[in-house]
Every structure is written in structure tokens, then in C-alpha cells.
Amino acid sequence: MVPMAGDPQFGPAPDHGARRRRAVTPQPPRDPVALREAMEAALAADVGTGATYRDVLRPFLAAVGDAGGGPAADDRRAVARSAAQAALAELSAVLPTSDEGLGRRAAVLAPAGVIGELDSRALADVLDAGGWSTQLIGLDREAGTICDEVLDARVELLVLPVADAAQVLASQRALSLIRRLNAPPLIVGVTFASMSDASAAVAADHVVGDTDALPSLLHRRLGGGGPGAAVPWGVRMHRDGTTLVVAPFGVLDDTTVGRLREIVETRRTLYPAILIDLRELDSLSTSGLTALSTWSTETPWPPTVSALRDTRTTTALSTAGLSNTIPFAQPAA
């Protein structure tokens, strides 16, 4: 047999396709006309709006921003900023819409600077299209003031751009304070596909690559909304001393336990103790109780995580044949 490339002694076969893809990767458009043409081509090719912003609009503004100094360069940047804002407005007009955020509040943290302003506006546009009532909060102030504004806004969702070290650093102190609130919002960072060590270190519950990933994430973590429709599942969180109390409401089944597990595990290292209070649930299904037991076995809860003991929960566990499978914080009364 003739040895071929890709055989163990020769290593993996070369990926010529990857070379071709790198060779044809388009450069960022350098002027407003090229920007418009590139956006029209992306949208005609059914590229997602998030990917279009990430790969066309944002690089355009970044490239012009690196054009050097002097009056001529300043004029080019001013023209580019106007063109980018107009292009973003056109992009927002074709965003997919939904009613999942109706009656719900979100905030976007806006870094200083032209690109930070555009990033935050792009994020707010996506949330607005999803029905959310969205507020922009600038990061150009003291962290305590930002935290107070988030608290006063009573939001359940906080989104921010984390595309580079400067954007991460701008939000770092404020996010630290926000995470300590009695009922902190879900925090999502968006990197615009610029995954770096800095963006990976942001104090967020989730970090995604672009805005196209937001709707499915929010549906999974926060449930669906809509006019006249109650959110089928959610959590309320507050602090009791140094303990974070997580109280799910709605229906407990294997799907919602997956959401609950994600919420708790992303906070496990931030609190010395997390108490799961199941008393607000409308119902506890056998599949949900089994999922709780499996979770405690796969990722042992002690010493950080435990459940509050109540009669309904212990009875349901006993009926399902799952007694003594999850740790409780205190003995039965």
C-alpha cells in the first residue's frame, strides 16, 4: 500500500480548503460606498444580521479609526461614523422580531468611544426587536453610579460588548458590584467573534460571539414571554447574609432543571453558600426531581450547594423513590 498524506506517519492531511478560505477572506470596506455594497451582498446571501454587523459594519469603523492623525483623517472618521450609524439603522430594520421580551426590562452597558457606542446600539437594537424594553447605561461614570442605575432600572437582563481588553476593563468594577446585588440580572457579554483572554475573563454569566446567538440563549435562560403570557419558568435570587438564595418558579422538569443547574453552577465560585428554595414552584415532576438527583450526583452539591427542606419537596422525592438523593440545608422540622 502506498502511504498517503493523512496516514499516521505523515500526520494530518493538509487542509487546502482552509488556505483557499483565508485567501478569499474579504478585507474590511474602506469607504461608505464599499460599506453599502458589502452589506447588501451579505444580506442578499442571507447572512445573519449579527454576522453582518460583526464581519462588515464593525470592521469598517475599526479600519477607518486606524487611519492615522491629522485633519484629513479626522474628516474621514467623521464621515465613516455617520455612514456606520446609517448602516446600523438599515440593519436594524431587517432584524428578526419576536414578542418574548414584551413587558420585560433589559439594559445595555455602553463603553465610551465611537466603536463602543456602535456596539451598544447594535445590542440594544436586537433586544428592542425581541420586544424588550431596553435602556442604555454609559460606562463613562463611577462604578457605584452605574450599579445604582442598573438597580433602579429593575432589569432582569444586562448585555454588554466585550470585544477587547479596553471594553472588558471599562466594565470590570461595575460588574463586580452588580453581581453582589440581592437580585442580580442575567449578565451576557458579546465579543463580536473576538474571543480573547480578556473577554473570556469578563464577569458575565455567558459570553457569546455575536448578536445572532442572543435569542436562543435568552429563551433557554429566561423563558418565553409575549402578550398575556406568563413566563413559564424563571428564578428569583436574593442574598441572605453571605448565602445566595435561588428560588425557581413555574414547573420543575428535566428541561428547567437544566436551566437551574446552569444558573447555580455559573455562580458557585462567587458565593460561599447557595441555597435552592423550591417552595415557589407550581409543580415538581418526577423527571425534574430525577434531574435534580442526577445533577447532585454528577456535580456534588456539598459543601456549597444545598436545598431548603420543605414538606412538599420531601414528600415528592419519597413518592418518586428518590429520598435522600439531594442534600438539604437543615433537618426537617
Side-chain angles (χ1 to χ4, degrees), residues 143-144 147-148 150-151 154-158 171-189 200-207 220-223 231 233-285 288-318 320 322-333:
C147 182
D148 289 342
V150 170
L151 180 61
R154 297 181 180 180
V155 298
E156 61 178 300
L157 171 65
L158 185 67
S171 64
Q172 194 170 49
R173 177 59 179 160
L175 289 185
S176 177
L177 295 177
I178 292 166
R179 294 297 291 262
R180 298 174 192 172
L181 294 174
N182 284 341
L186 178 73
I187 303 173
V188 180
V202 68
D205 298 302
H206 295 277
V207 176
R220 187 176 82 249
R221 284 299 307 266
L222 300 175
V231 177
W233 185 87
V235 296
R236 296 183 178 93
M237 292 185 286
H238 69 274
R239 292 176 64 185
D240 183 4
T242 59
T243 299
L244 177 68
V245 179
V246 180
F249 58 88
V251 176
L252 188 79
D253 57 22
D254 52 348
T255 299
T256 56
V257 168
R259 297 177 188 170
L260 178 63
R261 179 173 181 171
E262 193 170 20
I263 290 168
V264 170
E265 292 299 339
T266 56
R267 290 168 169 79
R268 192 189 277 239
T269 60
L270 302 176
Y271 297 91
I274 298 177
L275 180 65
I276 301 173
D277 183 352
L278 303 174
R279 292 176 297 175
E280 294 189 37
L281 288 165
D282 294 332
S283 64
L284 301 94
S285 70
L289 294 171
T290 302
L292 278 179
S293 176
T294 301
W295 167 19
S296 181
T297 300
E298 293 176 348
T299 311
W301 288 8
T304 306
V305 180
S306 60
L308 180 67
R309 186 187 294 270
D310 69 274
T311 302
R312 184 181 67 158
T313 300
T314 55
T315 300
L317 285 167
S318 176
L322 296 169
S323 296
N324 302 317
T325 59
I326 64 173
F328 288 103
Q330 59 190 49

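Worth saying up front: this structure is predicted, and the values here are computed from it rather than measured.
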> Under the side chain to side chain donor-acceptor pair (under 3.5 Å) criterion, do T243 and R239 qualify, and how do the steps go?
Replying inline: CA-CA 6 Å; T243 299; R239 292 176 64 185; over 6 Å; no

> Do S285 and D253 touch side chain to side chain, with heavy atoms closer than 4.5 Å?
Replying inline: yes

>> Please find the pair of heavy atoms, one from A143 and one from A174, that lie closest to each other, and give the distance.
In response: CB-N, 3.7 Å

> So, the side chain of T315 versus the backbone of T311: is there a donor-acceptor pair under 3.5 Å, distance only?
Replying inline: yes

> Under a 4.0 Å N-O cut-off, is there an ion pair linking D205 with R267?
Replying inline: yes

>> Under a 3.5 Å distance rule, please check whether R179 uses its side chain to pair with a backbone N or O of A203 as donor and acceptor.
In response: yes

> So, does T256 use its side chain to make a donor-acceptor pair with the main chain of V251 at under 3.5 Å?
Replying inline: yes

> Are any of the side-chain heavy atoms of H206 and R220 separated by less than 4.5 Å?
Replying inline: yes

> Are the charged groups of E262 and R259 less than 4.0 angstrom apart, N to O?
Replying inline: no

> Is there a side-chain contact between R279 and L308 (heavy atoms, below 4.5 Å)?
Replying inline: yes

> Which atoms form the tightest heavy-atom contact between L289 and A320, and what is the distance?
Replying inline: CD1-CB, 4.4 Å

> What distance do R221 atom CZ and L260 atom CG have between them, rounded to the nearest 0.5 Å?
Replying inline: 9.5 Å

>> To check you understand the geometry: which heavy-atom pair defines the closest contact between L181 and C147, and what is its length?
In response: CD2-SG, 3.8 Å

> What closest approach, in Å, do D277 and P248 show between heavy atoms, and which atom pair accounts for it?
Replying inline: O-CD, 3.2 Å

> Closest approach of P185 and V150, non-hydrogen atoms and distance?
Replying inline: CG-CG1, 4.3 Å

>> Go through it in stages, so that I can follow the logic: the residues are I187 and L175, the test is side chain to side chain contact (heavy atoms under 4.5 Å, CB included), and I'd like the CA-CA distance, side-chain angles, deciding distance and then a yes or no.
In response: CA-CA 9 Å; I187 303 173; L175 289 185; 4.1 Å; yes

> If you measure from OG on S171 to CD1 on I178, what distance do you get to the nearest 0.5 Å?
Replying inline: 8.5 Å

>> With a 4.5 Å cut-off on side-chain heavy atoms, are D282 and F249 touching?
In response: no

> Under 3.5 Å, is there a donor-acceptor pair between the side chain of R312 and the main chain of L284?
Replying inline: no

> Given the rule in the side chain to side chain contact (heavy atoms under 4.5 Å, CB included) test, do Y271 and T304 qualify, once you have shown the distances and angles that lead to the verdict?
Replying inline: CA-CA 8 Å; Y271 297 91; T304 306; 5.8 Å; no

>> On a heavy-atom basis, which atom in A204 and which in V207 lie closest, and how many Å separate them?
In response: CB-CG2, 4.3 Å

> Should the heavy atoms of other residues, nucleotides or ligands under 6.0 Å from CZ of R268 be counted, would the total exceed 12?
Replying inline: yes

>> Counting C-beta onward and ignoring hydrogens, is there a side-chain heavy-atom pair between L292 and T325 closer than 4.5 Å?
In response: no

> Would you say the side chain of I263 lies within less than 4.5 Å of the side chain of M237, judging by non-hydrogen atoms?
Replying inline: yes

> Do the side chain of T313 and the main chain of R309 share a donor and acceptor less than 3.5 angstrom apart?
Replying inline: no

>> Before you tell me yes or no, could you show the steps for I326 and L317 under side chain to side chain contact (heavy atoms under 4.5 Å, CB included), namely the whole-Å CA-CA distance, both residues' side-chain angles and the distance that decides it to 0.1 Å?
In response: CA-CA 9 Å; I326 64 173; L317 285 167; 3.9 Å; yes

> Looking only at atom types and distance, does a side-chain atom of T314 sit under 3.5 Å from a main-chain N or O of D310, one as donor and one as acceptor?
Replying inline: yes

> Are any of the side-chain heavy atoms of I276 and S306 separated by less than 4.5 Å?
Replying inline: no

> Where do D240 and L275 land on the side chain to side chain contact (heavy atoms under 4.5 Å, CB included) test, with the steps shown first?
Replying inline: CA-CA 9 Å; D240 183 4; L275 180 65; over 6 Å; no

>> Is any side-chain heavy atom of T299 closer than 4.5 Å to one of R261?
In response: yes

